[in-house]
Protein chains: 2
Amino acid sequence: MNADTLRGHMDALLLSVVEREPLHGYAIIEALRERSGGALDVPTGTVYPALRRLERAGYLAGEWAVAGGRKRRTYRLTDSGRAALAGERSAWKSFTTAIGSVLDPSR
Amino acid sequence: MNADTLRGHMDALLLSVVEREPLHGYAIIEALRERSGGALDVPTGTVYPALRRLERAGYLAGEWAVAGGRKRRTYRLTDSGRAALAGERSAWKSFTTAIGSVLDPSR
DNA sequence: GTCTATATGTAGACTCTCTATGTATTGAGG
DNA sequence: CCTCAATACATAGAGAGTCTACATATAGAC
């Protein structure tokens, strides 16, 4: 999965993956890999800054915790983030429809 | 349609739109708008440099022409570009599958 | 004569993602 | 004990593509 291909869709992915339950950065990376069947292997240098950005935007709420002697920052989806996620899902649909209609080889 | 959302998919769009018949930049912009039902309105500052880039890459072959007193640079899909387009289409499928599986609200 | 549509192009800003690097703890294997 | 892999977070700097804004020019309509 190319770098630029993913661009602009990272927010939706991150918000979506913490929808059910709060997760910390490392777990988010694993969740993305698993859910995508291995297609998405996002480096830490992408995820951690992105999580901070989404926290600053008010879509995620981060909290420090300790598990097994290791410090973790766990991110929870806020109400505002839930609304943003809905918007991202809707935008994703429009996006795939638009690109798909151009890419369709039968026209 | 957000700027970053489109990123990395412009090549596929441009190659796809000149697949059937060669087109010049301005016509390509119109074709993208029409085919996408108005969703894609790509500015000239994006398209013209991108066409040059694809020409440098060998995917498009550009040629100057004059129509109605106006100069046009018409781009034709090369064999190499045709192959690239096939790759882009395949990548698009994988991409939508991967993102879709993460975004799916039912999991 | 002015305005719109047609047609191409560049400069510079913007911002996200990546690579590379750094730190630190835990637990397994030898 | 020591080393290595896995876990966990983070930043600096590079890179690249898309955008805004601007510049130029012709044709045709009004």
Side-chain angles (χ1 to χ4, degrees), chain A residues 1-15 17-18 22-34 39-57 59-60 62-75 88 91 95 98-99, chain B residues 1-15 17-18 22-34 39-57 59-60 62-75 88 91 95 98-99:
Chain A
M1 192 73 60
N2 166 278
D4 286 324
T5 321
L6 220 49
R7 193 170 185 131
H9 306 283
M10 192 59 66
D11 293 9
L13 294 173
L14 296 175
L15 295 177
V17 103
V18 297
L23 290 174
H24 62 282
Y26 194 84
I28 287 171
I29 292 171
E30 287 186 315
L32 286 175
R33 189 164 38 231
E34 279 161 32
L40 295 175
D41 194 6
V42 190
T44 67
T46 296
V47 169
Y48 289 115
L51 290 172
R52 294 300 186 137
R53 182 164 48 76
L54 291 170
E55 192 180 8
R56 270 201 314 278
Y59 298 151
L60 294 179
E63 205 175 341
W64 283 108
V66 178
R70 287 191 193 83
K71 281 203 296 182
R72 291 170 168 178
R73 190 159 182 85
T74 301
Y75 291 95
E88 294 278 4
F95 173 69
I99 309 293
Chain B
M1 193 75 58
N2 167 277
D4 285 324
T5 322
L6 220 50
R7 194 169 184 129
H9 305 284
M10 192 57 68
D11 292 11
L13 294 174
L14 296 176
L15 295 178
V17 104
V18 297
L23 290 174
H24 62 284
Y26 194 84
I28 287 171
I29 292 172
E30 287 187 314
L32 287 175
R33 188 164 40 229
E34 278 161 32
L40 295 174
D41 194 5
V42 190
T44 67
T46 297
V47 168
Y48 289 113
L51 290 171
R52 294 299 186 135
R53 182 165 47 76
L54 291 170
E55 192 180 7
R56 269 201 314 278
Y59 298 152
L60 293 179
E63 204 176 342
W64 284 106
V66 178
R70 288 191 194 83
K71 280 202 297 182
R72 293 170 167 177
R73 189 159 181 84
T74 302
Y75 292 94
E88 295 278 4
F95 173 70
I99 308 293

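By convention in this document, chain letters (A, B, ...) are assigned in the order of the sequence lines, proteins followed by strands, and residues within each chain are numbered from 1. Computed from heavy atoms alone, side chains included, the values below leave out hydrogens, waters and symmetry copies.
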Original post:
What's the spacing between B/L60 CG and B/R73 CZ if we round to 0.5 Å?
Top reply: 10.5 Å
Under 3.5 Å donor-acceptor pairs involving side-chain atoms of residues 62-70 of chain B, not counting sequence neighbours:
none

I'd like a table of donor-acceptor pairs (distance under 3.5 Å, sequence neighbours excluded) in which one partner is a side-chain atom from residues 22-30 of chain A, with atom names and distances.
none

Subject >> Separation of D/dA6 C1' from A/H24 NE2 (nearest whole Å) >> reply: 12 Å
Subject >> Sequence-distant partners of A/R53, side chain to side chain donor-acceptor pair (under 3.5 Å), two or more places apart >> reply: A/D11
Side-chain donor/acceptor pairs under 3.5 Å, residues 43-52 of chain B, sequence neighbours excluded:
none

Original post:
How would you list, by chain and number, every residue that makes a ring-ring contact (aromatic ring centres under 6.0 Å, His included) with A/Y75, sequence neighbours excluded?
Top reply: none
Subject >> Whole-Å distance separating the CZ atom of B/R53 from the P atom of D/dG15 >> reply: 17 Å
Original post:
DNA chain C: A/T44 or B/W64, which has the more 5' nearest nucleotide?
Top reply: B/W64
**OP:** With a 4.0 Å heavy-atom cut-off, tell me which residues in residues 4-12 of chain A come close to DNA chain D, sorted by residue number.
**Re:** A/D4, A/R7
Original post:
Between which nucleotides of DNA chain C, 5' to 3', does chain B make heavy-atom contacts below 4.0 Å?
Top reply: C/dA5 to C/dC16
**OP:** Using the test side chain to side chain donor-acceptor pair (under 3.5 Å), find all partners of A/T74 that sit at least two apart in sequence or belong to another chain.
**Re:** none
**OP:** Please figure out whether A/R52 or B/V47 has its closest DNA chain D nucleotide nearer the 5' end.
**Re:** A/R52
Subject >> Interatomic distance, B/Y26 OH vs D/dT26 P [rounded to whole Å] >> reply: 17 Å
**OP:** Kindly write out the residues that satisfy side-chain contact (heavy atoms from CB on, under 4.5 Å) with B/A91, not counting sequence neighbours, or none if the list is empty.
**Re:** none
Original post:
With sequence neighbours excluded, what pairs up with B/R33 under the side chain to side chain donor-acceptor pair (under 3.5 Å) test?
Top reply: B/D41
Original post:
Which residues pass the salt bridge (charged side-chain N to carboxylate O under 4.0 Å, His left out) test with A/R72, sequence neighbours left out?
Top reply: none
Original post:
Expressed in angstrom and rounded to an integer, what is the separation of A/F95 atom CZ from D/dT18 atom P?
Top reply: 11 Å
Original post:
Atom CG in B/L32, atom CG in B/L40: separation rounded to 0.5 Å?
Top reply: 6.0 Å
Subject >> B/A27 or A/P49, whichever maps to the more 5' nucleotide of DNA chain C >> reply: B/A27
Subject >> A/R72 CZ to D/dA10 C1', straight-line distance once rounded to whole Å >> reply: 17 Å
Could you list all N or O pairs between the protein and nucleotides 27-30 of chain D that sit under 3.5 Å apart?
{"from": "D/dA27", "atom 1": "O4'", "to": "B/R70", "atom 2": "NH2", "distance (Å)": "3.0"}

Subject >> A/I29 CD1 to D/dA6 P, straight-line distance once rounded to whole Å >> reply: 15 Å
**OP:** Nearest whole angstrom, please: distance from the P of D/dC19 to the CG of B/L32.
**Re:** 11 Å
**OP:** Looking at every strand, decide which applies to B/G25 at a 4.0 Å heavy-atom threshold: base, sugar-phosphate, or nothing.
**Re:** sugar-phosphate
